[in-house]
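One structure is given here, and the rest of the page talks about it.
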4 protein chains.
Amino acid sequence: MEFHNTKAIYLQIADFVFEQILLKKWKEDDKIPSVREMAIELQVNPNTVSRTYLWLEEKNIVQTQRGVGYFVEKDAIQSVLAIKKEEFLKIDLPGIFKTMDLLEMDITDFEKRYHKRKLL
Amino acid sequence: MEFHNTKAIYLQIADFVFEQILLKKWKEDDKIPSVREMAIELQVNPNTVSRTYLWLEEKNIVQTQRGVGYFVEKDAIQSVLAIKKEEFLKIDLPGIFKTMDLLEMDITDFEKRYHKRKLL
Amino acid sequence: MEFHNTKAIYLQIADFVFEQILLKKWKEDDKIPSVREMAIELQVNPNTVSRTYLWLEEKNIVQTQRGVGYFVEKDAIQSVLAIKKEEFLKIDLPGIFKTMDLLEMDITDFEKRYHKRKLL
Amino acid sequence: MEFHNTKAIYLQIADFVFEQILLKKWKEDDKIPSVREMAIELQVNPNTVSRTYLWLEEKNIVQTQRGVGYFVEKDAIQSVLAIKKEEFLKIDLPGIFKTMDLLEMDITDFEKRYHKRKLL
DNA sequence: GTGGTCTAGACCACG
DNA sequence: GTGGTCTAGACCACC
């Protein structure tokens, strides 16, 4: 996995977890990879993964069991969707629209790009 | 002016400058507000405005004249558009498309929101 | 049995044993449930119960007979009371008083809650 | 400041902050000591203080301003009281009552100790 | 084995 | 100066 410089690594790992859950690769009650496993696989420090997992726990996406591991929470999908949707509608979309206006980019241009990339 | 927590303040100020230029409120060769004036108006630390202006200078959007002030560069509009477009196409759009997929948000949903906000 | 997240499970199990002894459900020289039985009943890892029993043995609450099982020690009630009392007076009470002060909670409020729950 | 072994240091520091706020030594909008200052004063690692402050920020007790510092939030006292009270009523009190029963400790005994310590 | 905490030290962005 | 993040490595309690 490669990391961008624009966002904290631990949040990018959180996004990765989000994806696994939304794509149903990790389901409710599943044990997710341990902090150490994940750290080795992603080539990062265990503390960084730990930070991600703590953050996800606060958001009720995962749950910890002492000495056992982390598990996907009940309704994790709903929680993830809620977080993502909130973020998208309140933060991303307004910015997008504003930028499109400034760039004088039409909605049809947007659609074209949208469909084009669908083909990839 | 209000600042989001998601982006550095000095970049949000840069966006503000971009807007003034694209909306032709500040034109080529115009003197733009001094660092101090800007800092007072936006209620931020002068260093922050200074950083914005330096960043804009690197991007050839503004130009400094020692002891006089900052001025809008020749073809600033083109430069701004180029920067914005590059950023939008390479960084923003892919992220948007990915999020739309994960949220199972349709292009028609996007269009609806686009037109709705047009009315505001 | 449900466990809180605030205290180690093996100590919560110890509290459970304490209760059985104080309530005289388990008396001197009685054989207590085996580690395995207990683990199944409480739905925990056998190691966890084992740790509880070892801890209780150190405190002279139970005694082990190799190949036979664990038994309630002589004067276990006294030992339990001593441990609990010590803990309560030296650790719990000071904390309670301090919290009551900070919350500006009156002793009469405490009494009210004490009597109310008596009715349950 | 001395730390107990029973509770994480970063949470004990949080308790310390709680006290300052409840005792009105730190008021709304006050800047609180920087992470580094606090770390030196308490003889702990800056990361530990940072952890405390992050935790407090999640609880809406303090607020961060980039490059400036941490500040006491609006209504921090209410938030602290709410957290403390919740904790006390739901977790501490039931345990106390149960222990009092097991120790056959009377409410009058409790009162005596309460008043006695008031005299100190 | 698991997670939780802490230290030491570093670098970065920001004001 | 400030906070934010990350690494490296350690020790602990717990299962």
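It should be emphasised that the depicted structure is a prediction, and the values quoted were computed from it without experimental measurement.
Nucleic acid contact class of D:Gln12 (heavy atoms, under 4.0 Å, all strands): none. Using a 4.0 Å heavy-atom cutoff across all strands shown, D:Tyr53 reaches no nucleic acid atom at all. D:Asn45 comes within contact range of at least one nucleobase, with a heavy-atom separation under 4.0 Å.
The local environment of CD in B:Glu41 is sparse, with at most 12 non-hydrogen atoms from other residues, nucleotides or ligands closer than 6.0 Å. Enclosure of atom NZ in D:Lys31 by more than 12 non-hydrogen atoms of other residues, nucleotides or ligands within 6.0 angstrom is indicated. Counting heavy-atom neighbours within 6.0 Å of D:Lys7 NZ, excluding the residue itself, gives a total above 12.
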Item checked: Derivation of the salt bridge (charged side-chain N to carboxylate O under 4.0 Å, His left out) call for D:Lys74 and D:Asp29 -> CA-CA 7 Å; D:Lys74 293 258 171 265; D:Asp29 296 325; 2.9 Å; yes
Check: Passes salt bridge (charged side-chain N to carboxylate O under 4.0 Å, His left out), B:Asp15 versus B:Lys84? Steps please.
Finding: CA-CA 10 Å; B:Asp15 279 334; B:Lys84 278 287 195 190; 3.0 Å; yes
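Residues D:Glu37 and A:Ala8 each lie close to DNA chain F; by heavy-atom proximity, the contact nearer the 5' end of the strand is made by D:Glu37. Residues C:Leu11 and D:Lys31 each lie close to DNA chain F; by heavy-atom proximity, the contact nearer the 5' end of the strand is made by D:Lys31. Along DNA chain E, the nucleotide nearest to B:Asn47 and the one nearest to D:Val44 differ in position, and the one closer to the 5' end is contacted by D:Val44.
Under a 4.0 Å N-O distance rule, the pair C:Lys98/D:Glu19 qualifies as a salt bridge.
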Notebook entry, point to check: Dot-bracket, DNA chain F: Watson-Crick or G-U, under 3.5 angstrom, [ ] crossing, | other strand?
Noted result: ||||||||||||||.
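Of the options B:Val49, B:Asn47, B:Leu42, a side chain to side chain contact (heavy atoms under 4.5 Å, CB included) to B:Asn45 is made by B:Asn47 and by none of the others. Partner of A:Ser79 under the side chain to side chain contact (heavy atoms under 4.5 Å, CB included) criterion, chosen from A:Leu56, A:Ile61, A:Ile21: A:Ile61.
DNA chain E is contacted by A:Thr64, A:Gly67, A:Val68, A:Gly69, A:Tyr70 of residues 58-73 of chain A, taking any non-hydrogen atom closer than 4.0 Å.
Running 5' to 3' along DNA chain F, contacts with non-hydrogen atoms of chain A at under 4.0 Å begin and end at F:dT5 to F:dC15.
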